[in-house]
Amino acid sequence: MPGAPPAGLLCELGPDGRALGTPAPVRDLAEAIAKYERSASRTVRWVWSSAAEHYPGLLSAGIRIGRCHDVALAEGLLLGREGRSSEPASLDAAWARLQGAPVPAGPARPEGRSAGGQDPLWADGPGAAAADAETTLGALIAVHADQLARIAADQYPARFALLVAAESAGGLAAAEMTFAGMPWRADVHDGLLAEMLGPRPPAAVAGARAAVPRRLAELAAEVCAALGVRSVNLDSPAQLTRALATAGVRVPSTRFSVLREIDHPAIAPLLEYKELSRLHAAHGWTWLDTWVRQGRFRPDYVVGGVVSGRWASRGGGALQIPKVLRRAVVADPGWALVVADAAQLEPRVLAALAGDHAFAQAAAEGDLYQALAGAFGGDRAKAKVALLSAMYGGAGGEAGQLLAVLRRRFPAASGYVEAAARAGEEGRVVRSVLGRTCPPPSAAWRAATEDPGDPEAGRDPGAGRASRARGRFTRNFVVQASAADWALVLLAAVRRRLAELPVSQAGRWHPHAPHLVFFQHDEILVHCPEAMAPSVAATVAEAAAEAGRAVFGDTPVRFPMTTAVVGCYADAK
DNA sequence: GGTCGGGGCGCG
DNA sequence: AAAGCGCGCCCCGACC
C-alpha cells in the first residue's frame, strides 16, 4: 500500500542459526526493529542480506542498529578463503550455490548501495507477495546457518568470526557515514579554488567546452612560449612528449618525478599546470556541484572493496581528497572534529604479526623508526627505508643494504614477509591475521609461470617478472590486510563505544550525538558537539587498545593514535 | 555515439 | 638490472 510503512517478517534465531519458533509478520518493520534495539534484556544481532541494501532506509526512518551479520559481506570473506573470490557474494547467489541451482549473475566484488533488487526482509513492493517474503526469509536463514558452519570450520574460527563481525560492523558504519555526511563548506572550497585557479569560469553553453580557468590558461601559454610551439594540449602525454622533444627535451614519460629533474624554462610552469589542472579536473567546481549538498559530502563506501580489506569508495573520490581541500572540512557551529590516525600502523602490525621480540620491543612505545635507528647507525631515515622496502618489496638504491641489516637484526620480522613473498611467487595464497585471504593467481599467471615440461625449452621470459610481481603483492598483502583487520576492529569499537556515550539512545539515530564521518584506511573523523570532544578522544584511545588486544592478543606492540580536536580538518596536523 | 586501456596522480 | 603495495578518477586516443 502506498504510504504504508514497510511490513516484514521477523524470525528469532538460536546460536547455531536455527529458527526459534515461527516467523512473525510485523506491520511496521522499522518500528519493530527499533523496539528490539531498545530492549535492555538482550543484545540483538540482526541477520540480513546486506547493510548496504537495507540500512540507509532504516537510518532515514531515524533508526540505528547495534550489530548485524551481513550475509553478503560474510559471503565475500568466505568465498575469498575458499579461493572463489570471483563468484558473486549476494544472498541470492549464496542461496543458489547452497541449492546447487544456477547462480544469478552479479558483481563478484562487493558493491555499495544496490540499484534495485528484492528486499528479503520487507518485501512489500509490486510483485513481492507474502509468499515471496517467506521464501526469502527461508533462504536467508539457511544461508546464514551455512555461513556459521563454514566460519566454524576455519583453521582459526574465533579470529575468522571476529573478522566477519568487524566486516559487518563496517557495513553499518559505512551506511551511517554516508547518512551523516562529511561536513563540507562549499564556500571555503570555492574560495580555495578561486585563489589557486582564478575565478570560476562561466558555465559552458550547450555544445561548447567549459572555459579554462584563468591561471591554467596563463600557465599553458607560458609552457608553449618556453617550448616555442604554437599550442599543445598539456593534458595529452603524447602531445606533450612530442612538444618537449622539439625543444630538445627527451623524456621517457611526462610524470611529475621525471619532469622535476629537468632543467628547462618550460618545466616550472608545466609542473604547476599539472598540479592545478589535476585539482580542477578531479576536485574542482564540477566536483563541488556534484557531491556537496547542504554542507555535506556523502560518498558511497565499498566495504571490503579492496582485496586487502581496505575500503574503496564510489563517486567523489572520497579516499583521495587532496590535502589542500581539508580546509573545506569544517565542523558545524558548536561542534568539533576529532581526527585520529594510527601512527606507523603497518610496521607495528608487522612487529605484532611476526612476533619478532627485538622488533616488538621497539614498537612498544613512541616513534618506531627512531627506536630502530640504532640498528642503522642511528639514522632514522634509513630505518624507515628498510622497513618500507621490506613491506613493499623494493630493493633499489641503498635499500638492498638496509634490508640486509634488517634481516640480520630482526630475522623474524623480515622472515615473515620473505615467507609471504615466497608463497606468492609459488602461486600459493596468504592470509591476514584474522584470515582474510588473498586471491589465487589468475589462469594467465599460472600459464605464464608454470615449469615447461621440457627442461631445454626454457621458461617464458616474463615468468620471472610475473612471479616476482606476485611475490611483492603477497608480501605486502599480509601487512596491509592485517593492518586493515586492525583498523576495521578499531572502527567497530569506536562505533560501539560512541553509541554508549550518555547522549546516545539505543535504537535511534541521534542527530546530536557524536558520529563517525570519515574512515580512510588508518584514520577516522568523528563529528561531535564541542563539549564532548574530550570524551570522544578518550573513546578512540580506548578503542585502539581494544583493537590491539582483539586482533593480536598478548603482544608488547602498542598501536598509538595521533588524535587532534579541531574545528577544521586541515588543522589536524 | 559508446567503450576501454594507458598515462598520470590524488590518497593510504 | 630494475623494481617496489593497494585503490578511484581524470583525460586522451584507439577502436567499434
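Below, chains carry the letters A, B, ... as their sequence lines are ordered, and counting in each starts from 1.
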Q) In terms of heavy-atom contacts, does NZ of A:K274 have more than 12 from other residues, nucleotides or ligands at under 6.0 Å? A)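 Enclosed: over 12 neighbouring heavy atoms sit under 6.0 Å from NZ of A:K274.
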
Q | Within 6.0 Å of CZ in A:R84, more than 12 heavy atoms from elsewhere | A |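 More than 12 heavy atoms, drawn from other residues, nucleotides or ligands, come within 6.0 Å of this atom.
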
Please check if the side chain of [X] supplies one atom and the backbone of [Y] the other of a donor-acceptor pair under 3.5 Å.
X      : Y      : result
A:R327 : A:K323 : no
A:R298 : A:F179 : yes
A:R348 : A:R558 : yes
A:T178 : A:P299 : yes
A:D70  : A:S168 : no
A:D300 : A:R314 : no

Q) Looking at residues at least two apart in the chain, or sitting in another chain, which of them share a side-chain contact (heavy atoms from CB on, under 4.5 Å) with A:D367? A)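 A:D367 satisfies side-chain contact (heavy atoms from CB on, under 4.5 Å) with A:Q344, A:Y369, A:Q370, A:R380 only.
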
Q. What pairs meet the salt bridge (charged side-chain N to carboxylate O under 4.0 Å, His left out) rule with one or both residues in residues 404-418 of chain A, with sequence neighbours excluded?
A. A:R407-A:E418, A:E418-A:R475

Q.
Taking salt bridge (charged side-chain N to carboxylate O under 4.0 Å, His left out) as the cut-off, I'd like each qualifying pair that reaches into residues 485-495 of chain A, sequence neighbours left out, listed once.
A.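 Checked against salt bridge (charged side-chain N to carboxylate O under 4.0 Å, His left out) - neighbours excluded - the pairs reaching residues 485-495 of chain A are A:E176-A:R495.
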
Q: Could you label the plane-to-plane angle of the A:F359 and A:F410 rings as parallel, tilted or perpendicular, counting under 30° as parallel and over 60° as perpendicular?
A: tilted

Q: Can you label the angle between the A:W311 ring and the A:F519 ring as parallel, tilted or perpendicular, going by 30° and 60°?
A: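 Geometry flag for A:F519 against A:W311: perpendicular rings.
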
Rounded to whole Å, please give me the gap between [atom1] in [X] and [atom2] in [N].
X      : N      : atom1 : atom2 : result
A:I321 : C:dC10 : CD1   : P     : 14 Å
A:L319 : B:dG12 : CG    : P     : 10 Å
A:E346 : B:dC11 : CD    : P     : 17 Å
A:R470 : C:dA3  : CZ    : C1'   : 18 Å
A:M182 : B:dC11 : CE    : C1'   : 12 Å
A:W291 : B:dG10 : CH2   : C1'   : 16 Å
A:D341 : B:dC11 : CG    : P     : 14 Å
A:H521 : C:dG8  : NE2   : C1'   : 10 Å

Q: Could you list all the side chain to side chain donor-acceptor pair (under 3.5 Å) pairs where at least one residue sits in residues 421-431 of chain A, not counting sequence neighbours?
A: A:D154-A:R431, A:E426-A:R428, A:R431-A:T437

Report, one pair per line, the protein and nucleotides 1-4 of chain B atoms (nitrogen or oxygen only) whose separation is under 3.5 Å.
none

So [X], base contact, sugar-phosphate only, or nothing? Heavy-atom distance under 4.0 Å.
X      : value
A:R326 : sugar-phosphate
A:Q480 : base
A:R472 : sugar-phosphate

Kindly list each side-chain donor-acceptor pair under 3.5 angstrom involving residues 232-251 of chain A, sequence neighbours excluded, with atom names and distances?
residue: A:N233; atom: OD1; partner: A:D235; partner atom: N; Å: 2.9
residue: A:D235; atom: OD1; partner: A:Y273; partner atom: OH; Å: 3.2
residue: A:D235; atom: OD2; partner: A:Y273; partner atom: OH; Å: 3.3
residue: A:S236; atom: OG; partner: A:Q239; partner atom: N; Å: 3.1
residue: A:Q239; atom: OE1; partner: A:N233; partner atom: N; Å: 3.1
residue: A:T241; atom: OG1; partner: A:P237; partner atom: O; Å: 2.6
residue: A:T246; atom: OG1; partner: A:A243; partner atom: O; Å: 2.6

Q. With respect to the side chain of A:V306, which nucleotide from B:dG10, B:dG12, C:dG6 is positioned closest?
A. C:dG6

**Q.** Strand-adjacent residues in residues 223-239 of chain A, judged by heavy atoms under 4.0 Å from DNA chain C
**A.** A:N233, A:D235, A:S236, A:Q239

Q | Close approaches to DNA chain C from residues 404-421 of chain A, in residue order (heavy atom, under 4.0 Å) | A |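 Close to the strand, none.
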
(Q) Under 4.0 Å, heavy atom to any atom of DNA chain B: which of residues 276-290 of chain A qualify? (A)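 Heavy-atom cutoff 4.0 Å gives A:R278.
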
Q) Is there a residue in residues 246-275 of chain A whose heavy atoms reach under 4.0 Å of DNA chain B, and which residues are they? A) A:S253, A:T254, A:R255, A:F256, A:K274

Q | Basic-acidic side-chain contact under 4.0 Å: A:R278, A:E275 | A |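 Here A:R278 does not pair with A:E275 in a salt bridge, since their nearest N and O are not under 4.0 Å apart.
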
Q: Give the C-alpha distance, both sets of side-chain angles, the deciding distance and a yes or no for salt bridge (charged side-chain N to carboxylate O under 4.0 Å, His left out) between A:K384 and A:D379.
A: CA-CA 9 Å; A:K384 187 172 176 177; A:D379 191 335; over 6 Å; no

Which atom pairs, one a donor and one an acceptor, fall under 3.5 Å between side chains of residues 188-197 of chain A and the rest of the protein, sequence neighbours left out?
residue: A:H189; atom: ND1; partner: A:W184; partner atom: NE1; Å: 3.1
residue: A:H189; atom: NE2; partner: A:H283; partner atom: O; Å: 2.9
residue: A:D190; atom: OD1; partner: A:W285; partner atom: NE1; Å: 2.7

Q | Inter-nucleotide C1' distance (C:dA1, B:dC9), Å rounded | A |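 C:dA1 and B:dC9 have their C1' atoms separated by 27 Å.
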
Q. Do A:V339 and A:D571 pass the side-chain contact (heavy atoms from CB on, under 4.5 Å) test, and can you show the C-alpha distance, the side-chain angles, and the key distance before you say yes or no?
A. CA-CA 10 Å; A:V339 181; A:D571 295 329; over 6 Å; no

(Q) Identify the stems formed by DNA chain C, where each pair is Watson-Crick or G-U wobble with both distances under 3.5 angstrom and a stem is at least 3 consecutive pairs. (A)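 When the pairs of DNA chain C are grouped into runs of at least three, the stems are B:1-12 with C:5-16.
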
